[in-house]
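So you know, we letter chains A, B, ... as the sequences are listed, proteins then strands, and number each from 1. None of the values given here were measured: they were computed from a predicted structure.
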Number of protein chains: 2
Amino acid sequence: MRMTKLPSLPTIRRLPSYLHVIENAHREGLKFISGTVIAEELDLEPIQVRKDLAITGIVGKPRIGFPVAELIRAIYSFLYWNQDHRAIVIGAGNLATALMRYPEFPKRGLTLVAAFDVDPIKVGRSINGTPVYSLDEIGRRLPALQSSLAILTVPSSCAQDVAELIIEAGVTAIWNFTNVELKVPAGVIVQKEDLSSGYAVLSVKMRELHGK
Amino acid sequence: MRMTKLPSLPTIRRLPSYLHVIENAHREGLKFISGTVIAEELDLEPIQVRKDLAITGIVGKPRIGFPVAELIRAIYSFLYWNQDHRAIVIGAGNLATALMRYPEFPKRGLTLVAAFDVDPIKVGRSINGTPVYSLDEIGRRLPALQSSLAILTVPSSCAQDVAELIIEAGVTAIWNFTNVELKVPAGVIVQKEDLSSGYAVLSVKMRELHGK
């Protein structure tokens with residue numbers, strides 16, 4: 001049960017793509033951008049764009065549109081991306097490496113400060129300049145890393161055990177890339193990233209639009 | 001502009017997580033599962049669950065719930081996951097490798113049949129049994145691979161050029177893991193996967209629920 005009513009999650013999910021379009025407009029020197037242009041770029045209905053962006057407190061002006069710089073600041077502020085965030089990565093395999101190299105995260109203020117793994121071959125190395133520590137050491141390492149957010153990329157078979165271990169060590173938010181529905185104590189946030197979600201949308205679009 | 005009205009995309013995005021919960025119930029031998037139980041597992045409102053699942057045509061019975069086996073079949077059918085699908089991966093780096101090893105895809109009927117890259121060191125090798133071909137050969141290779149869906153994992157700087165090349169070769173749907181808003185001809189489907197979306201939701205949850 002949620003303690004607080006969160007704003008619409010689909011709207012929040014769309015904000016980063018709005019940010020892309022609006023930042024491109026900013027780079028092109030535009031002062032204003034219309035909801036209709038944003039809608040066309042993102043293949044959304046204009047009414048949806050206006051409704052989504054209202055969440056930031058910025059309202060477009062008729063015939064002029066949204067003030068670009070102000071809207072960028074408002075989205076950053078709404079998402080708390082105007083502050084720096086630090087995360088650790090649990091598991092140091094291909095997905096972890098891809099995430100450590102994902103160019104969007106640093107742009108959004110997210111730094112992946114360390115990875116943890118149980119594989120002695122990986123421990124002690126670094127990926128993209130980020131150190132890989134032994135998972136055994138997480139309790140000792142976590143305070144200095146100043147991160148309460150962990151990105152979980154371990155095999156599904158050990159996901160629940162590892163989740164319990166890192167929560168015990170002080171992690172209070174888990175971005176879960178495994179396919180396990182984690183059981184966690186009250187107060188711990190879990191956000192599950194299921195790539196099948198994108199594939200589900202794609203499957204329906206391919207059938208509806210291509211008839212196959 | 002869309003030619004066809006698609007069903008609610010947030011609902012479609014949630015179907016894979018419903019499938020997880022309902023398949024677990026199936027493995028445990030349950031014949032029926034209540035909307036309230038599903039809602040609790042996924043931290044959703046029961047009314048949302050009933051509304052989402054109605055899209056499959058299956059309606060729960062009062063006090064009994066949804067018929068588990070029938071609901072699984074209905075979700076598979078709705079997503080067209082009751083048929084096999086084949087995709088190619090463009091780029092053969094860490095993200096591509098992680099996707100080729102992602103255990104959910106084969107379960108959902110998706111087979112990644114080949115990867116394409118420009119790096120001569122990668123070309124000719126195989127990842128998890130999947131061959132890596134030269135991107136130059138895509139036009140010649142594509143017909144035999146029988147895949148019109150490409151997963152784009154190349155660097156952003158070349159994403160638009162590569163998209164044009166693979167569309168020219170016959171790709172009609174792109175699952176775009178780059179951060180570029182691709183410009184494509186009418187009739188080509190692009191589904192953008194932006195990991196910042198999950199991070200946006202997580203940022204808001206952390207602030208709202210943990211006050212930081």
For the atom pair [atom1] ([X]) and [atom2] ([Y]), what is the distance rounded to the nearest 0.5 Å?
| X | Y | atom1 | atom2 | result |
| --- | --- | --- | --- | --- |
| A/Asn94 | B/Asn94 | CG | CG | 5.0 Å |
| B/His20 | A/Glu181 | NE2 | CD | 6.5 Å |
| B/Glu104 | A/Thr178 | CD | OG1 | 9.0 Å |
| A/Leu95 | B/Leu99 | CG | CG | 8.0 Å |

Side-chain heavy atoms of [X] within contact of [Y], under 4.5 Å:
| X | Y | value |
| --- | --- | --- |
| B/Tyr80 | A/Glu208 | yes |
| A/Leu42 | B/Lys192 | no |
| B/Lys107 | A/Asn179 | yes |
| A/Met206 | B/Ser148 | yes |

Query - Contact leader toward chain A among B/Phe78, B/Tyr102, B/Phe177, where contacts are heavy-atom pairs under 4.5 Å - result: B/Tyr102
Under 4.5 Å from a heavy atom of chain A, the part of [X] involved:
| X | result |
| --- | --- |
| B/Phe105 | side chain |
| B/Val180 | neither |
| B/Leu15 | neither |

Query raised in the report: Heavy-atom count around B/Glu168 CD within 6.0 Å, excluding the residue itself: above 12?
Result: no
Query raised in the report: Given that the side chain runs from C-beta out, which part of A/Leu110 has a heavy atom under 4.5 Å from chain B: side chain, backbone, both or neither?
Result: both
Query - Proximal to chain B - members of residues 193-202 of chain A, heavy-atom separation under 4.5 Å - result: A/Glu193, A/Asp194, A/Leu195, A/Ser196, A/Ser197, A/Gly198, A/Tyr199, A/Ala200, A/Val201, A/Leu202
